[in-house]
Number of protein chains: 2
Amino acid sequence: MSESVPKYVFVENYIKEAIRKKQLVDKLPGERVLAQQLGVSYMTVRKSIDNLVNDGVLYKVPTQGTFVNPDKANRKKTRTIGYFLDSSIVAGISSPYYSLIFNAIEKYAAKENYSLVYFSDADKESFKKTLQKLDGVIATCFPRIEITILEIKQTVPVVVIDNSAADKTIPSIIIDNFNADVQSVDYICSLGHRRIGFMTGLEDSDVGKSRFAGYQYGLSKNAIPFDSTLVYRGNYSYEAGIEGAEYFLSLETMPTAIICANDSMALGAIQKLTQNGFDIPNDISIVGFDDIEVASQIVPALTTVAAPINDIAQHAFNSLKKLINNEPVEHQHIALPARLVIRQSCTKTQEVKAA
Amino acid sequence: MSESVPKYVFVENYIKEAIRKKQLVDKLPGERVLAQQLGVSYMTVRKSIDNLVNDGVLYKVPTQGTFVNPDKANRKKTRTIGYFLDSSIVAGISSPYYSLIFNAIEKYAAKENYSLVYFSDADKESFKKTLQKLDGVIATCFPRIEITILEIKQTVPVVVIDNSAADKTIPSIIIDNFNADVQSVDYICSLGHRRIGFMTGLEDSDVGKSRFAGYQYGLSKNAIPFDSTLVYRGNYSYEAGIEGAEYFLSLETMPTAIICANDSMALGAIQKLTQNGFDIPNDISIVGFDDIEVASQIVPALTTVAAPINDIAQHAFNSLKKLINNEPVEHQHIALPARLVIRQSCTKTQEVKAA
DNA sequence: TGATAAAAGTGCTATATAGCAATATAGGTT
DNA sequence: AACCTATATTGCTATATAGCACTTTTATCA
């Protein structure tokens, strides 16, 4: 028993350690018994136990004893939920798509008197402490962060968006990316385009794979053979858009249209192609995905697939609310349709125009 | 002294009542003194006071005494702070500038184990309940929401950004908008422009007024007489940018450059001018303010004033943390410099080019 | 074997006492 | 007025003891 630690703190630590080691799992020895075992006064034991009760580690039932508090059971509801983005998304919540989702979730939450925290996992300690304060979490999910998703689920109810979690008991709200990109290919084909480039998103996720698969299915549906040289492997960033355009510029025969797996890559492609003297859409048509706010504000205004932001937010919040209230969630996995918004970044091919 | 109430509860109630009646406003008598006055044991007094400390009613300073906890500090700290935007900002947290600020604040807060809630005031009840959960608030301030700012201040510590509050005891972190726009005018003049249009922000705030004043001062500094026909009264929105460009198009002689009070209006102006066959920057140069992310991604990349997002967030968080911890805030009102970022939306006037 | 009484266990309230480290106050000196 | 010393104040840690109301366990008796 160290001289520098008060005895009552020593007893607190002793109890906490015994709980951690599963030596104490439910009922503690009586206060007088414990005092005798540890060789301290009864009042010292009482002081330690009172502190641990205040901290929520233990609870007392008069005349019956003192018990270990189960992990999740006794926490008070805070009516605060969290929106989680992992820290590999460098721009974090300032990313145009995620800030739209976050804004929409906050509106639905506020109507039900829930406050909304935004948090990430750059600081592990802060991440854990924030989780402890929440009734539940809506998380943007990627396969690469499955461990984090599991950790969240072990602490509070969780609903995922964008990609399903590997653990299929976690409800998910995603976009029907496949049919959205089939739609884009159909529209581009309706303008007469046959040589259609594609900038993929990250293929480590269902989002990336589904958008690419939709492109491929759209080609075959329009009797266009798949040509792998018309595919640039991107990663959703503006910089990838620039590099993708460079790649297509390097081809002997450029595509007459490019479908991008998101708007940021479309912006990068427009920048590089314009710099190289190409006119959008007269020389080459561009389609994006997400319909971030500036998509309608740039020159030319971008034709893009509009993600159903409000629907995603509403379904995610409602599913989470049910989990928090221990109610059954009717539709565990929801795939929402996305709509193509036609603006000025696409035009008919020169051949169709000449005819 | 009632038989049915334990003595320590009686002492707790006695202290709380004395606080309520203002008989105790700051320092309590010593524990031994109190025990004597109330005719109970010293240990009983200690037990009562410890409970009131746990409840946040009192706080103790070893060797100095026990004190009444001021009203605001009554609650247990949640280590959760809020970022407030009033609901008249339709795009809410998805606005490019505000989401950057919010993202930056979250990073500083997480490092200090504070969680960050985003909230608005569309739902009054939710607004009040959220306030109750927070240790403090960083609020984007406008003169039109002074009543809301006061309400926040009456509940928790508050720091404002963007505009100072009318209540000068509230710390503020703002941008030096005046010198930022002087800078823009200087730069435009250095390119040979003498006919310089200006799209104001909202003039109901210091931000709006300072940016306009900086434009005017910049003109006089460069010996250019102020011409009120070269001023369009805007409101920071993309739509105002379109209308502003329409206004300048309607003039007999258009300006050769336009300085916009923010980037969204610059986007609108570029859109309308391009539609009307003008080339940016060859026919007319454009300057924005804020340096939102897409400013660098559009064609042409926008020359704009970069708001010191991280500095604002850092100072705001640090000031708020001090308020929460009852420490003095050294610099109550901070005006941070903003830097002009030169990209592709400006060029020399045709006259300078010909020479 | 079942019922009842006694004993033991349990957290709770209350008091008394001693001594520690740090700070504040009072008094005296230069 | 500034400095030093002694004393008082302050919350803190720790121990000991007594007895209460209630519940659980054990022992005893029919």
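So you know, we letter chains A, B, ... as the sequences are listed, proteins then strands, and number each from 1.
In this structure, Lys7(A) fails the cation-pi test against Phe10(A), since its NZ or CZ atom is not both closer than 6.0 Å to the six-membered ring centre and inside 45 degrees of the ring normal.
Look at OH on Tyr8(A): it is 11 Å from C1' on dG11(D), rounded to the nearest Å. In this structure, Leu58(A) atom CG and dG11(C) atom P are separated by 11 Å, rounded to whole Å. Rounded to an integer number of Å, the gap from CZ of Arg46(B) to C1' of dA16(C) is 15 Å. Atom-to-atom, CD of Glu31(A) to P of dC12(C) comes out at 6 Å; the value is rounded to the nearest Å. Computed from coordinates, the Met43(A) CE to dA14(D) P distance equals 13 Å when rounded to whole Å. Going from atom CD of Gln64(B) over to atom C1' of dC12(D) covers 15 Å, rounded to whole Å. Here dC12(C) presents its P atom at 12 Å from CG of Asn51(B), a figure rounded to the nearest Å. If you measure from atom CG of Leu38(A) to atom P of dT15(D), you get 11 Å, rounded to the nearest angstrom.
Mapping Val9(A) and Gly30(B) onto DNA chain D via the closest heavy atom, the residue that lands nearer the 5' end is Gly30(B). Take the nearest nucleotide of DNA chain C for Pro62(B) and for Asp50(A): the residue whose nucleotide is more 5' is Asp50(A). Judged by closest nucleotide on DNA chain D, Ile49(B) is the one of Ile49(B) and Ser41(A) placed further toward the 5' end.
Axis angle, first five pairs versus last five pairs of the helix from dT1(C)-dA30(D) to dT30(C)-dA1(D): 10°, rounded to 10°.
Here Tyr83(A) and Tyr98(A) keep their ring centres 6.0 angstrom or further from each other.
Considering only side-chain N and O atoms, Lys47(B) lies nowhere under 4.0 angstrom from the phosphate OP1 or OP2 of dT15(C). An OP1 or OP2 oxygen of dC12(C) is reached within less than 4.0 angstrom by no side-chain nitrogen or oxygen of Thr63(A). Contact between the side-chain N/O atoms of Thr66(A) and the OP1/OP2 oxygens of dG11(C) is found at a separation under 4.0 Å.
Using a 4.0 Å heavy-atom criterion, one finds that Tyr42(B) contacts the bases of the nucleic acid, with or without backbone contacts as well.
Between Glu125(A) and Lys129(A) there is a salt bridge, since at least one side-chain N of the basic residue sits less than 4.0 Å from a carboxylate O of the acidic one. Salt-bridge formation is detected for the pair Glu17(B)/Arg20(B): a Lys NZ or Arg NE/NH1/NH2 atom is positioned less than 4.0 Å from an Asp or Glu carboxylate oxygen.
Minimum atom distance to the side chain of Lys7(A) is reached by dT15(D), of the listed dT10(C), dT15(D), dT15(C). The listed nucleotides are dT13(C), dA14(D), dT10(C); the one nearest the side chain of Val33(A) is dT10(C).
Here the closest heavy-atom approach between residue Tyr114(A) and residue Ser126(B) is recorded as O-OG, 4.5 Å.
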Quick one: which protein N/O atoms are closer than 3.5 Å to N/O atoms of nucleotides 5-8 of chain C? Pair and distance per line, please.
none

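No side-chain donor-acceptor contact under 3.5 Å links Glu12(B) to the backbone of Asn51(B). Remark: side-chain polar atoms of Asp135(B) are paired, donor with acceptor, to backbone N or O of Arg79(B) under 3.5 angstrom. Here the side chain of Glu106(B) pairs no donor or acceptor atom with the backbone of Phe119(A) at under 3.5 angstrom.
Ring orientation note: the planes of Tyr118(A) and Phe102(A) are nearly perpendicular, at an angle over 60° on the 30°/60° scale.
No more than 12 heavy atoms of other residues, nucleotides or ligands lie within 6.0 Å of OH in Tyr14(B), so this atom counts as exposed by the packing criterion.
With hydrogens and angles left out, the side chain of Arg32(A) and the base of dG9(C) share no donor-acceptor pair within 3.5 Å.
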